[in-house]
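Report on one structure; see the data block that follows.
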Number of protein chains: 2
Amino acid sequence: MATISDVARLAGLSVSTVSRVINKSPHVSDKKREAVESAMNELGYVPLPAARQLRGSRTNTMAVTIPRIVNPFFSYLVDAIEQELDEAGYSTLIVQTFGRAEEELTALNLLKNQQVDGVILCSLENDWSVINGYCKYGKIVLVNEYLKDVDVPIIRGDQYDGFYTATNFLFDNGYKKIAYATGRKTITIMKKESNFDADRFAGFQSSLSDHNLGFNYDWLFTNAHTAEDGKEIFKKIMTLKNKPDVVIAGSDEVAMGISQEAEKQGIKVPEQLGVLGVDDQPASANLRIPLTTIKQPVDEMGRKAARAMLGLINGEEVSKMQICKLKVIKRASA
Amino acid sequence: MATISDVARLAGLSVSTVSRVINKSPHVSDKKREAVESAMNELGYVPLPAARQLRGSRTNTMAVTIPRIVNPFFSYLVDAIEQELDEAGYSTLIVQTFGRAEEELTALNLLKNQQVDGVILCSLENDWSVINGYCKYGKIVLVNEYLKDVDVPIIRGDQYDGFYTATNFLFDNGYKKIAYATGRKTITIMKKESNFDADRFAGFQSSLSDHNLGFNYDWLFTNAHTAEDGKEIFKKIMTLKNKPDVVIAGSDEVAMGISQEAEKQGIKVPEQLGVLGVDDQPASANLRIPLTTIKQPVDEMGRKAARAMLGLINGEEVSKMQICKLKVIKRASA
DNA sequence: CTGAAAGCGCTTACAG
DNA sequence: CTGAAAGCGCTTACAG
């Protein structure tokens, strides 16, 4: 591979001059600039990033962490981020965490080791105290986090409002006995804006209160992730004496499982049991029973996260908290 | 950030010795090794990859190119590749090409610049002549390509056999007038194993011949990618005097569009019109009319590609061509 | 505008 | 087993 010295030799100039044209320094005469450029072309010269990094220059690449790329929410999120970053001339490096804290550190170490200029964390796996230690190495942006008093931009959906609105929507459509499923192992009751899941539940509760209702804890289903889990939930519902008439499923997969199993057992959706998904995955519109669902504005969130990162890099003022609205997509299942 | 010199100073040893323990050289006394290790821990030292790369050592990271991450075929393929690579201690860097040749060069330059040890190309955007120029910089593996006389491993699905079998399957189910949709702008009729699309078409043709049938070119639909395109295809079909009774849709999206539009216009699927998808996307089983589709063995292909790459890196003998079988997944739409 | 030289953080012969 | 020194390919003051 050709090096900067090869170019300098061929052009009959010093490496300093070659370096200047590489870095677009203005202090080079047109004549020599051309000489250097033609030498670079002749040799097919490309500067070695490792050497430039060693000197502390920018990498023009960004890392983004997500739990799992096969989850459409995250693949679309990454896609939006990448498009925006791409326009600014940055490459994107996608790191899957698979929910493991060490994998997140892999991405963070990219920052520490100056392999990337910044990292956008879409799935926080470590405590803030450990993330915080990496802030000195480069820029960090968080997506869908509820941390307070943290000195990095956070872009998130308004879970409280989304779930509040969605629950009202269910009441407006005549449902009264609302079950609630979540991926979490437990539900922590906290006030608004405490954390992602608590915020969702708080929005839900708040609508219940507005309708003078309390929550029936027989209708709480935790640890629900897959369509399979959804089927189990439906089976459990059928064993209940006092059955809910609709369930907020926590995700489209779970919703899909519930509605499939209901259909299989001859229970009509949405008449006998309503089902409300979350995320609006690409397939949800084309299901056997098209899913009514709460949509997160992935594209908006991704682009905002990317722009926040670019702002940070360019030393601009960027607002520490950007909140995007969720939206109920009305289809057949509720 | 702590450097190797800081560690050496703290341990009261030379940088050479520190370097030796970093690189697990056997020629270090246990005593000094421990001294170095405790110094590294105390400082939170991590070797700077850029500096190591400059000296020509391995990066332990691999790049993989795909056209678009939001396409489930590719997100699952990448997922399989990454899982396998992960077990071997490699990180994976995902590069989206968006179908652009320059983006593919981005990935290839990662190789040239020693940022990755190898690249797995799942979407060839440049001519082989240009890819070939990068072989000297590192390892390359191709997925789903039909190039001949090329000195890199290729992992692909047996498109001919898959489409041959699928077409036979349609005949077995009573269909006789088979339409064919493809994402390509044109169909090139070539013999078996010429290229990806020609191979599919050849398999299809071959089954037609077995049933003493020729292909009706009114039933060929090109440039079909999205569900929207599928809807258009259905509309075109309805204008035909001599209508097909089933269509091989080229992708699940297109199949979905065709079957949706058919339903909307009161044409019964699969009774009046059968629809066969390709890829078996996660949603296809849960569509309003569950899709019968040709499944590519993504997981197998991804893992084989990763293993071929690892074999190359380790200097093992790896077979130049690995072919995986496609499979018809029978559901409701055909 | 241009060049010689130091130095970024490592690894690796070369001596001992 | 251990260390001093050269060098990987660049950038950036410092002089001129």
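Chain identifiers are assigned alphabetically (A, B, ...) following the order of the sequence lines, protein sequences preceding nucleic acid strands; residue numbering begins at 1 within each chain. No experiment lies behind these values; they were computed from the predicted model shown.
Counting non-hydrogen atoms of other residues, nucleotides and ligands closer than 6.0 Å to CG of A:D151 gives a total of 12 or fewer. The number of heavy atoms from other shown groups lying within 6.0 Å of CZ (A:R33) is above 12.
Between B:T17 and B:S14, the side chains place a donor N or O and an acceptor N or O closer than 3.5 Å (distance only, hydrogens not considered).
Spacing between atom CZ of B:R52 and atom C1' of D:dC10 amounts to 20 Å, rounded to whole angstrom units. Distance, B:M40 CE to C:dC10 P: 11 Å, rounded to whole Å. Separating the CZ atom of B:R9 from the C1' atom of C:dG9 is a distance of 13 Å, rounded to the nearest angstrom.
Evaluation of the side chain to side chain donor-acceptor pair (under 3.5 Å) rule for A:N132 yields no partner, not counting sequence neighbours.
Between A:I4 and A:Y45, the shortest heavy-atom contact is N-CE1, 3.5 Å. Shown here for A:L310 and A:E84, the closest heavy-atom pair between the two residues is CD1-O, 4.3 Å.
In this structure, CD1 in A:I69 is found 9.0 Å from CD in B:E82, a value given to the nearest 0.5 Å.
When each of A:T92, A:I155, A:I81 is checked for a side-chain contact (heavy atoms from CB on, under 4.5 Å) with A:I120, only A:I81 meets the rule.
Helical stems in DNA chain D, defined as runs of 3 or more consecutive Watson-Crick or G-U wobble pairs with both donor-acceptor distances under 3.5 Å, are listed by first residue as C:1-3 with D:14-16, C:5-12 with D:5-12, C:14-16 with D:1-3.
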Atom pairs under 3.5 Å, N or O on each side, protein against nucleotides 13-16 of chain C: can you list them with distances?
{"residue": "C:dA13", "atom": "N6", "partner": "B:R20", "partner atom": "NH2", "Å": "3.4"}

Sub-3.5 Å pairs of nitrogen or oxygen atoms, protein against nucleotides 6-8 of chain D:
{"residue": "D:dG7", "atom": "N2", "partner": "B:R55", "partner atom": "NH1", "Å": "2.2"}
{"residue": "D:dG7", "atom": "N3", "partner": "B:R55", "partner atom": "NH1", "Å": "2.9"}

Result block: side-chain N/O donor-acceptor pairs under 3.5 angstrom for residues 137-146 of chain B, not counting sequence neighbours:
{"residue": "B:N144", "atom": "OD1", "partner": "B:G157", "partner atom": "N", "Å": "3.2"}
{"residue": "B:Y146", "atom": "OH", "partner": "B:R156", "partner atom": "NH1", "Å": "3.0"}
{"residue": "B:Y146", "atom": "OH", "partner": "B:D199", "partner atom": "OD2", "Å": "2.5"}

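With hydrogens and angles disregarded, a donor-acceptor distance shorter than 3.5 Å links the side chain of B:K148 to the backbone of B:E193. Distance alone, capped at 3.5 Å, is enough to place a donor-acceptor pair between the B:N71 side chain and the B:F73 backbone. Without hydrogens or angle criteria, A:N109 side chain to A:T106 main chain gives no donor-acceptor distance under 3.5 Å. Between the side chain of B:D79 and the backbone N or O of B:S75 there is no donor-acceptor pair closer than 3.5 Å.
Here A:T17 lies in heavy-atom contact (under 4.0 Å) with sugar-phosphate atoms only.
Minimum atom distance to the side chain of A:P47 is reached by D:dC10, of the listed D:dC10, C:dC10, D:dG3.
For the segment residues 22-37 of chain A, residues with any heavy atom less than 4.0 angstrom from an atom of DNA chain D are, sorted by number, A:N23.
Between B:S14 and D:dT2, a side-chain N or O to OP1/OP2 separation shorter than 4.0 Å is absent.
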